[in-house]
Structure formats: structure tokens, C-alpha cells
Colleague: 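Submitted below is the structure of interest, expressed as C-alpha cells.
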Amino acid sequence: MSSEIPMRVAVVGATGFQGGAVARLLAERSHPVHGLTRRPEADRPTLPGVRFLAGDLGRPADVRRLFEGTTHAFVTLPLVYEAERVEAYARGIAEAALCAGTTRLVLNTNTRVPQTRTGVAAFETRRLAERVIRDSGVPLVVIRPPVYLDNLFSPWNGPALVDEGVLACPLPESARTAWLSHRDLAEAALAALTREGLEGRTFDVGGAEALTGGELAAAFGRGLGRAVRYQELDPADFEHGLAGFLGPAAAAGVAGIYHHMASGADPLLMAGDDGVSAEALALEPAPVEEWVAGQPWRVWSSDAEEPDASPYR
């Protein structure tokens, strides 16, 4: 299988930040993309090369329409953490992929998944989705990212970074984390869709280095050209702030990841995988400071015009 051969890719989650990054890269590489959205046409993101169908992930017939005429699929589930709904989504996706004769489906779990069960919905619903799709017989590759750098380019991080040099995050300062950009996620997804011999494998994809909070702040400082210090956020405070953007249920689901990390039960969950994914997927993630230097941080300055608020990515 070669990335030179055009694919037709069903992208579940194409209107979101992660799925959108993958859809953009696929379109840039001349692979036509089909997306599914409940949004009215005027409210859909501008993604050249992406054909959107109106529909709902909860309606199997709509998902089958999304997959019709496609050869491959990339799936990022919405920020839903109810097991029954996630299982129904996964079954609908698997059935649609089987009907379409999907050559390969890449599932992005949107988080690492611990080896043992945890009772944390953000982990266990993604473990469930993996199992349902894998057991269906669809050719599957799973990618499990850690935490996204793009989450830090946000209304609750940007102003403090630009004006005060404070990088606030709900991860423990000591937790080594292989921070990844959405663009590098997209590169991992493209490789997982196209490289030979990957069916059945699971990859803990991540950035170039696994950094502590202090090391992350130093990398941000190099990218911004100023001193930056790391500040641990209480996951409960993070959850409260996030609820204003996502609603309490989704915020509790996302924050569950950070409550788990704060417990110290699995301190290396978000760390690197000793280069396994980079080698298998031929990835060269950009260093953190390079990503930082490429972002328009000025929009978060106190003397800039007020930016649009962005939801969790």
C-alpha cells in the first residue's frame, strides 16, 4: 500500500480540530475526503477537497452513506463518554465500513489508554470502541495520542503565556508527556492509513520528546523568546472552566484524564514509546519550540482585539 495511490477517505470527526487536521492533510495530498456533520452548511468549516454530508453519527443509515464510495476511514469519536452511546457509534461505524469494503480504518482514541481497566470513562469508552471495531473484522489500526499542544493555544492559556509568561496545565509537573500537535497527528494518521503491514497494531503516537512541565515551559520560552514558568492547575478547577465551553458531561469526561494523571497511578501514561511509533510510521514530529514559534500568539495579548473563544480541541 502506498500513499501515492489516491484513497477516498471517510473522516468521522472532520468538523473537529483533530479530524479537521487529518482531513486537510489528506486533501492536500490529493485524497478525496467525505465528512459527516449536523451543522448547517453556513456553519461548516472551510476545508477544500472535503465533501460534507448532512447526517448524524447516531443514525446508522447516515454513517453508511458517509462510507459509500470510500476506500479508507479515519475515526475520531466526539467528546461523548456514555458507554452505550459510544458502543452504538462504534457498531454503526464498523457495520458501515464492512458494507463499504473498507481497506483500512484508523481509529484515533483521542487519548492514551492504560493497560489495565481504570473506571475512567475517557479511557474505558475508547477501549470499548477499539474492541467493537476490532471484533467486527474491519482492518484496523489504532493510534493513541497523549495531549495536544494545540490545546495550549486557547483562551485559558494564551493570555497568561503572552502577558505573564505562565503556562498553566492540569498535568502534574513531574509527568513526562510527549506533547503532539494536530499537524503531527495528521501525519501519523496518513502513515497509519497507507503504510504496509500495520493492520491489527496499536501505536502510542507522540511528539519528539517526553517533557516534564518545567521542560515544556522552557521549550515554550525558547519559542516565544521570553521566560516561561509552569503552573500546575487543579484538575477540578480545569473541569469547572471547561464546563463553560463543553457542558458539564463532556468536561467531566475530558477532566477524568487529568484526575487520573494527578492520582499518580500511571505517571508514564503520556510519555514516549521509545521510538516504536516513529519508526513504524516514519514520523519526525516537530520539536515543541518549533511549533510554538509558528503560532500567532499575539492574538492573546491584552492589547490585541478580543479573539473568538475556542472549545477544547
Side-chain angles (χ1 to χ4, degrees), residues 12-13 16-19 57-58 75-90 107-133 142-152 154-157 167-180 182 185 202-207 210-213 216 230-271 273 310-313:
V12 174
F17 290 102
Q18 298 168 60
L57 189 58
V75 174
T76 301
L77 293 173
L79 298 178
V80 171
Y81 301 104
E82 301 160 45
E84 286 187 9
R85 282 182 68 189
V86 170
E87 183 172 5
Y89 289 158
L107 173 65
N108 165 32
T109 59
N110 190 34
T111 179
R112 295 284 174 78
V113 177
Q115 290 186 355
T116 58
R117 297 191 179 276
T118 62
V120 177
F123 300 140
E124 301 313 319
T125 56
R126 274 44 188 175
R127 195 193 309 275
L128 172 62
E130 284 186 35
R131 178 179 59 77
V132 168
I133 297 174
V142 177
I143 55 177
R144 296 173 170 177
V147 187
Y148 293 112
L149 286 165
D150 305 74
N151 294 346
L152 301 175
S154 67
W156 48 84
N157 288 105
L167 175 55
C169 178
L171 283 172
E173 194 282 332
S174 61
R176 290 200 169 272
T177 302
W179 290 84
L180 185 71
H182 288 156
L185 168 74
T202 297
F203 295 102
D204 284 345
V205 297
L211 305 175
T212 65
L216 179 68
Y230 189 83
Q231 178 181 310
E232 274 190 36
L233 282 180
D234 185 321
D237 293 338
F238 171 76
E239 180 179 343
H240 178 76
L242 198 58
F245 290 94
L246 300 181
V254 172
I257 296 169
Y258 296 96
H259 285 292
H260 178 79
M261 292 301 296
S263 75
D266 199 350
L268 295 178
L269 180 62
M270 301 296 173
D273 67 348
S310 300
Y312 190 82
R313 306 179 182 197

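Because only heavy atoms are used, hydrogens play no part in the values below, and waters and symmetry mates are left out as well, while side chains stay in. As the structure is a prediction and not an experimental result, all values here were calculated from the model.
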Colleague: Once rounded to the nearest 0.5 Å, what's the spacing between atom CG of L268 and atom CG of D273?
Modeller: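 So the CG of L268 and the CG of D273 are separated by 12.5 Å.
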
Colleague: Is E130 salt-bridged to R127, going by a charged N under 4.0 Å from an acidic O?
Modeller: no

Colleague: For H259, what residues pass the ring pair (Phe, Tyr, Trp, His ring centres under 6.0 Å) criterion, not counting sequence neighbours?
Modeller: none

Colleague: Restricting to non-hydrogen atoms, name the atom on L171 and the atom on Y230 that form the minimum distance, rounded to 0.1 Å.
Modeller: O-OH, 2.7 Å

Colleague: Closest approach of E239 and A251, non-hydrogen atoms and distance?
Modeller: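 Heavy atoms only, the tightest pair is O-CB, 3.7 Å.
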
Colleague: So, do L152 and L167 sit near enough that their side-chain heavy atoms are less than 4.5 Å apart?
Modeller: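 L152 reaches L167 side chain to side chain.
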
Colleague: How close do G19 and T76 get, counting heavy atoms only, and between which atoms?
Modeller: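 Of all heavy-atom pairs spanning G19 and T76, the closest is N-OG1, 4.4 Å.
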
Colleague: Write down the atom of V86, the atom of A129, and the distance for their closest heavy-atom approach.
Modeller: CG1-CB, 4.1 Å

Colleague: Quick check: closest heavy atoms across R126 and V80, and the distance to 0.1 Å?
Modeller: NH1-O, 2.7 Å

Colleague: Classify the ring geometry of F17 against H182: parallel below 30°, tilted from 30° to 60°, perpendicular beyond 60°.
Modeller: parallel

Colleague: For a 4.5 angstrom cut-off between non-hydrogen side-chain atoms, does R112 reach D266?
Modeller: no

Colleague: Which atom names give the shortest non-hydrogen contact between Y81 and G253, and what distance separates them?
Modeller: CD1-CA, 3.4 Å

Colleague: Is the shortest heavy-atom distance from the side chain of T109 to the side chain of P145 under 4.5 Å?
Modeller: yes

Colleague: Do V254 and L246 have side chains that approach each other closer than 4.5 Å (heavy atoms only, starting at C-beta)?
Modeller: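 The answer is yes; the side chains approach within 4.5 Å.
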
Colleague: As an exercise, state the distance from CG of D237 to CD of E232, rounded to the nearest 0.5 Å.
Modeller: 12.0 Å

